[in-house]
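Heads up, the thing below is written out as structure tokens.
Just so it is clear, the values below take in all heavy atoms, side chains as well, and ignore hydrogens, waters and symmetry mates. Within every chain, numbering begins at 1; the chains are lettered A, B, ... in the order of the sequence lines, protein sequences first and strands thereafter. Note that this is a predicted model, so its numbers are computed, not measured.
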Protein chains: 2
Amino acid sequence: MARPKVGDERREQILAAFEACVVRKGLAEVTLADVAEEAAQPRSLVRYFIGNRDEMVTCLIDRLLLRGDAQLSAVLGAGSVVSAAEVAPLLFDRIFADHVTNVVMMELWHLSIRDEALRERLAAIYRRLVVEVSDKLALDGSAADSAPAFDAAFTAISLAFGTAFFAHLGLVPNDFGRIRTNVNSIVRDYRSPRSTSPAEEAS
Amino acid sequence: MARPKVGDERREQILAAFEACVVRKGLAEVTLADVAEEAAQPRSLVRYFIGNRDEMVTCLIDRLLLRGDAQLSAVLGAGSVVSAAEVAPLLFDRIFADHVTNVVMMELWHLSIRDEALRERLAAIYRRLVVEVSDKLALDGSAADSAPAFDAAFTAISLAFGTAFFAHLGLVPNDFGRIRTNVNSIVRDYRSPRSTSPAEEAS
DNA sequence: CCCAATCTTGTCACGGCAGACAAAATACCT
DNA sequence: AGGTATTTTGTCTGCCGTGACAAGATTGGG
């Protein structure tokens, strides 16, 4: 070696620029020139350090998914034991709260429509969220059958997800508190759901 | 006029081809040549009857939103009075059941991230769904304050939406019945939510 | 000092797509 | 038949993004 390798920092810098461009313009619209400009570097350097566009996209996806996973670990680990009452704040104030993250996830989501592998990876992240929440829920009681706890967590997360998406349209409830109350009920009472008539059960 | 105008049929044919391409490849990837091939017509005709690409996209969006609105009318109107117990089937078996429609909506959703006007129009559709469901719910009891009914409908629809999206990832609950039961509870008991501790209320 | 690895610059060619347009063909009307 | 509005064909051009590459600059080791 003759010259210090700055490749890693450059790559990081370029990917950060790429990500910023993607948030601003959407993945499909971002060109190498855009990234280069955002990174304040000649276009050729982007190609030299990252490679072709596909590789750049792959790198970005890896980066995003890794960070998503890390955020999940940070939120779920670190002694923040989740009791039923803490699920709503967890979902609404942390996981689905950040606008930029949501936009990025939407971008990934859109990609995943036609990308089997990415779909798997996205599913893995959300599944992990469901499993970890449901595990904590099951701690409260006897966990003979974990399926109901899983489904309760799944339901709560689906609800939070849908709510977050609608929020992006500017479509919001009159009172977010009511949604949170529903989440509380879902994760608290999954072992003894309110009785429903047979007709409703069959629906 | 000297020659019979076949413009309307052609436009319809072209837009149908365009839509098929979009479902298959995603809007960003579809070229005029793709549409022309799908429509089995020379590329120039696409330009002649529709115009430039932007206009074609605009036409497609109009077409999709109009159809979405029509489907909503068909499902909600026509004597299918929605009682609380019918909300779950309505959402899961009709509104969010069709895979192709879901893919198209995802495409629109993605576009709407950077298109204010489209975002408004999408919001209008979902808002209408919420309002109509909540109206039917409110019929059951005294409708002094419609906000709780709106929020209950909003919650149920958010949940169904989230569930449908997760289904696209292959992420499903162990038992869909549990989700439906939750929806039933949400739309049935919104006037008397299960009591929550003050701590939970504050969450 | 010289070499070698790494980084940096600038430029070029290819391909694909959108847009424009000139004719030719068709069908209806009088 | 002739005129006219409409449809259809085929081709051409310019733009833009990617990928490729040659040549120079920088930095540390021998």
Among dT9(D), dT8(C), dA20(D), the nucleotide that comes nearest once only the side chain of R47(A) is considered: dA20(D)

- request: Could you tell me the separation between the CG atom of L45(A) and the P atom of dT11(C), rounded to a whole number of Å?
  value: 15 Å

- prompt: Which nucleotide sits closest to the side chain of S44(A): dT9(C), dG19(D), dG19(C)?
  reply: dT9(C)

Nearest-angstrom distance from the residue atom CZ of R11(A) to C1' of dT6(C): 12 Å

query: Taking the inter-plane angle between the rings of F166(A) and W109(B) on a 0 to 90° scale, is it parallel (under 30°), tilted (30 to 60°) or perpendicular (over 60°)?
result: tilted

query: Whole-Å distance between dT27(D) P and R10(A) CZ?
result: 12 Å

query: When the distance from CD of Q13(B) to P of dT8(D) is rounded to whole Å, what number comes out?
result: 9 Å

message: Could you check whether E132(A) pairs with K136(A) (Lys NZ or Arg NE/NH1/NH2 to Asp/Glu carboxylate O, under 4.0 Å)?
response: no

task: Let me know the distance between CG of L32(B) and P of dC15(D), rounded to the nearest Å.
output: 18 Å

Rounded distance (Å) that lies between atom C1' of dA5(D) and atom CZ of F49(B): 12 Å

query: Hey, does the side-chain of T31(A) have a donor or acceptor N/O within less than 3.5 Å of a partner on the base of dG17(D)?
result: no

statement: Of the listed dT9(C), dA18(C), dT8(D), the closest approach to the R53(B) side chain comes from dA18(C)

task: Take R67(A) and D62(A) through the test salt bridge (charged side-chain N to carboxylate O under 4.0 Å, His left out) and record every step on the way to the result.
output: CA-CA 8 Å; R67(A) 202 170 58 204; D62(A) 286 344; over 6 Å; no

field: F165(A) ring center within less than 6.0 Å of F161(A) ring center
entry: yes

field: Integer-rounded Å distance: dA23(D) P and Y48(A) OH
entry: 18 Å

Atom pair distance, as rounded to whole Å: CG in N52(B) and P in dG19(C): 5 Å

field: Side chain R43(B) and base dG10(D) donor-acceptor under 3.5 Å
entry: no

